[in-house]
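Heads up: the structure comes next, in structure tokens.
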Amino acid sequence: MELSILKRVRKPTLDLSPKERRKLWCSPFLKSYLVVFVSYMAMYLVRKNFNIAQNDMISDYGMSLTQLGTIGLGFSITYGVGKTVLNYWSGGKNAKNILPLGLLLSGFCILGMGLVMGPSSSQFIMMTILYAASGFFQSGGGSNSVVTITNWTPRNRRGLGVGFWNISHNAGGALAAAVAMFGADYFFGGDVKGMFIFPAAIAIIIAIIGFFMGNDSPEAYGLGTVEEIFEEPISEEDNAVKENKLTKMEIFKKYVLFNKVIWLLCFANVFLYIVRSGIDQWSTVYAHQILGFSKDVANSGFTMFEVGALVGTCLWGLLSDLFNGRRGAVSCFALICIVFTLGYYQHADSIFAYKASLFALGFLVFAPQLLIGVAAIGFVPKQGLAAADGVKGTFAYLIGDSFAKIGLGYIAEGNPFFGLDGWTGTFAAIKAAAIACFVLMAVVALFEEIKIRKLAQQPAAH
């Protein structure tokens with residue numbers, strides 16, 4: 001039996017002109033957008049708090065690095081698997097309400113972690129299970145945010161819409177430490193349990209409020225589809241689903257499992273995560289051990305990477321909108337720049353060069369990071385978008401992110417990559433991944449160009 005909050009509401013279209021419906025569109029759109037933005041931001045409050053709490057968990061409860069690593073691995077595995085499983089299940093449901101539901105369940109899991117925390121083996125097992133469950137519940141957040149934004153925004157605003165929403169995870173990550181430490185210090189006398197209980201309480205409150213704001217589509221308000229409101233042509237894929245009355249499994253097989261463009265994007269995402277996580281994971285170590293900078297300078301470079309990512313997230317989406325939705329072509333430009341900037345970063349001979357190169361890399365990496373997801377929107381019907389985005393995310397986390405954290409470290413320790421070892425081999429692997437991503441996105445750009453020209457010839461929806 002399906003929960004009532006997950007049922008999609010579709011009201012008969014109001015007897016108003018598209019222009020009049022456009023005037024009514026803004027308020028419910030902003031409410032719906034606010035829910036997915038704030039809910040996804042709150043997910044990071046109950047995700048990154050674990051990273052912040054680790055030193056206290058070691059000192060207060062004697063937890064080992066292996067135990068902490070095991071807890072973190074549980075989250076990564078369930079998050080990666082859930083990207084496909086949960087997002088397939090959520091197809092055809094109220095995408096907007098998937099966010100607060102996932103946040104609510106994740107909040108209860110993190111609350112449980114704080115309550116059961118302790119030094120015994122049974123408590124460690126319970127914490128691992130709860131954090132893994134939290135990862136699974138959070139795995140539908142990103143994809144269903146994109147689905148909701150797609151349902152509400154016209155094509156020429158989707159890059160900006162998804163790009164600005166993407167800031168939510170940067171904001172959540174930035175706030176996580178302050179929220180966790182405030183909760184522990186002011187409500188739990190400095191006890192590390194407060195780093196879990198307090199953020200969880202905030203997440204639960206935000207989730208409950210989120211259920212009662214906005215909806216997953218303008219159709220829920222009788223405004224019709226976004227294509228009708230903005231007088232755009234309906235995509236070939238959405239037309240096919242409607243005319244042929246395809247089931248969820250038929251949509252998944254045709255538009256995800258056997259969709260060559262989605263697989264191109266999946267593998268492009270794998271290579272991109274090697275680049276992104278390779279820089280993100282190892283920049284502080286490389287700067288301190290090889291470039292000879294202090295730990296403070298090394299950490300400030302990591303911050304510059306995040307600042308660059310924050311700036312790039314919005315601007316690249318807007319730029320791709322200005323280029324009429326050519327996400328693949330814009331990604332290719334950024335990837336070329338990444339290859340050259342990596343060389344500048346690798347041989348940085350001053351603090352300015354180190355920080356500037358990491359800011360530039362953060363700015364550039366988040367072009368394909370954002371646009372790979374937005375590009376998928378053009379090749380999948382709306383009902384299959386969450387599953388397509390989920391499969392892409394599963395590949396990225398289970399292959400790309402894992403190789404970046406384990407494989408690149410293995411090469412850096414002296415194991416050769418095509419005859420190159422140490423950090424020279426590591427940088428060669430990152431550059432090779434960027435080039436491979438470029439090749440795949442260039443092919444996507446060709447398919448995208450064909451799609452854009454076909455859409456330009458189709459009549460607008462009414």
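These figures come from a predicted structure and were not determined experimentally. When a residue number appears, it is its place in the shown sequence, counting from 1.
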| Test: Glu448 and Arg453 ion pair at under 4.0 Å | no
For residues 98-118, which side-chain donor-acceptor pairs fall under 3.5 Å, sequence neighbours excluded?
{"unit_1": "Ser106", "atom_1": "OG", "unit_2": "Ser134", "atom_2": "OG", "d": "2.7"}
{"unit_1": "Ser106", "atom_1": "OG", "unit_2": "Gln138", "atom_2": "NE2", "d": "3.0"}

| field | Inter- and intrachain pairs under salt bridge (charged side-chain N to carboxylate O under 4.0 Å, His left out), touching residues 368-388, at least two apart | value | Glu227-Lys382
| query | For Leu264 and Phe447, which heavy atoms make the closest approach, and how far apart are they? | reply | CD1-CE1, 4.0 Å
| query | If you measure from the Lys or Arg side-chain nitrogens to the Asp or Glu carboxylate oxygens, is any gap between Lys451 and Glu237 under 4.0 Å? | reply | yes
| task | Decide whether a cation-pi geometry holds between Lys93 and Trp89; the criteria are a distance under 6.0 Å from NZ or CZ to the six-membered ring centre and an angle within 45° of the ring axis. | result | yes
| message | Using every non-hydrogen atom in the two residues, find where Met441 and Ile372 come nearest and quote the distance to one decimal. | response | SD-CG1, 3.8 Å
| query | When you measure from the side chain of Glu232 to the backbone N and O of Arg155, does any donor-acceptor pair fall under 3.5 Å? | reply | yes
| message | Looking only at the side chains, is there a donor atom on one of Asn87 and Asp389 sitting less than 3.5 Å from an acceptor on the other? | response | no
| request: May I ask you to establish whether Arg326 and Phe323 are in a cation-pi arrangement, using a distance under 6.0 Å from NZ or CZ to the six-membered ring centre and at most 45° from the ring axis? | output: no
| field | Distance under 6.0 Å and angle within 45° of ring axis: Lys253 vs Phe258 | value | no
| Of the non-hydrogen atoms in Ala396 and Tyr273, which two are nearest, and what is the gap between them? | CB-CD1, 3.4 Å
